[in-house]
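Report on the following structure.
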Amino acid sequence: MSVHLVKNTPGVIGVLDLQGGVHEHLEHLERLGIPYAKVKQPADFTDLAGLIIPGGESTCLARLLKIFELKEVILQHCSRGMKIWGTCAGAILLANRVVGDQPCLGLIDMEIERNSFGSQLDSFKSEALIEAVSADLIPLTFIRAPKILRVGSDVQVLLRMEDYIAAAENEGILVTVFHPELTGCLALHRYFALKCGLSPAVENASAVNRDWDNVSWMKLARIAS
Ligand code: GLN
């Protein structure tokens, strides 16, 4: 699928285009029929309804946010109502407490621990029911993922696993420690679009399209082992 980008108008979801899984999020938004844009310059954020901070490497992303002078820009647009979804490294950037590290954006009251499952080789796939998001099981892909250890009283837990929280939200911020953009399932993207006040074209977003399952990271893990 070719990804075409739209000029920013209200109703657009932006994907932060600094590092990490940018393209995969754009493709999911396209499949949902939601207008989207890659965002990188301060002016790109004007009028965005929502921003996705993709997974990647949080230390690298934090440095790039500084170099591109985007931290203040994101905080300003968040306070005017732009919603933000952080996947994995994106969730780390949004937390106000990071074990052994400095927080970056501090927009959601939660404590998160980086690389909490181990190394890249300890990455895994699973599935779970997230009642607020979908009536169907949602496939989950964890890649050198963090664990959310605890959340504040204004944060709703969307998915609790054994000893950690995997998805949570407050009024403006959604966080997932897994990667919905690497599965064929659109349910989390649909949920975020609705949170942004948009109307996704796709109704049954939890019907997994196997053709879209992205397992390249698993192949790499097998080669390395
Ligand atoms: N381990 C990465 C970090 O700490 C996050 C990995 C990911 O986004 N898949 O930033």
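Note that ligands are numbered from 1 as they come in the structure, with each ligand's atoms numbered from 1 the same way.
Ion pairing of Glu57 with Arg144 is present here, as a side-chain N (NZ or NE/NH1/NH2) and a carboxylate O approach within less than 4.0 Å.
The backbone N or O of Thr183 sits less than 3.5 Å from a side-chain atom of His28, completing a donor-acceptor pair. Not a single donor-acceptor pair under 3.5 Å links the side chain of Arg190 to the backbone N or O of Pro200. Between the side chain of Asn170 and the backbone N or O of Gly152 there is no donor-acceptor pair closer than 3.5 Å. Between the side chain of Thr87 and the backbone N or O of Gly55, at least one donor-acceptor pair lies under 3.5 Å.
For residues 82-98, every residue pair satisfying the salt bridge (Lys or Arg N to Asp or Glu O under 4.0 Å) rule, not counting sequence neighbours, is listed here: Arg97-Asp109.
Sorted by chain and number, the heavy-atom contacts of ligand 1 below 4.0 Å come from Gly55, Gly56, Glu57, Ser58, Cys88, Ala89, Ile92, Arg114, Asn115, Ile143, Arg144, His179.
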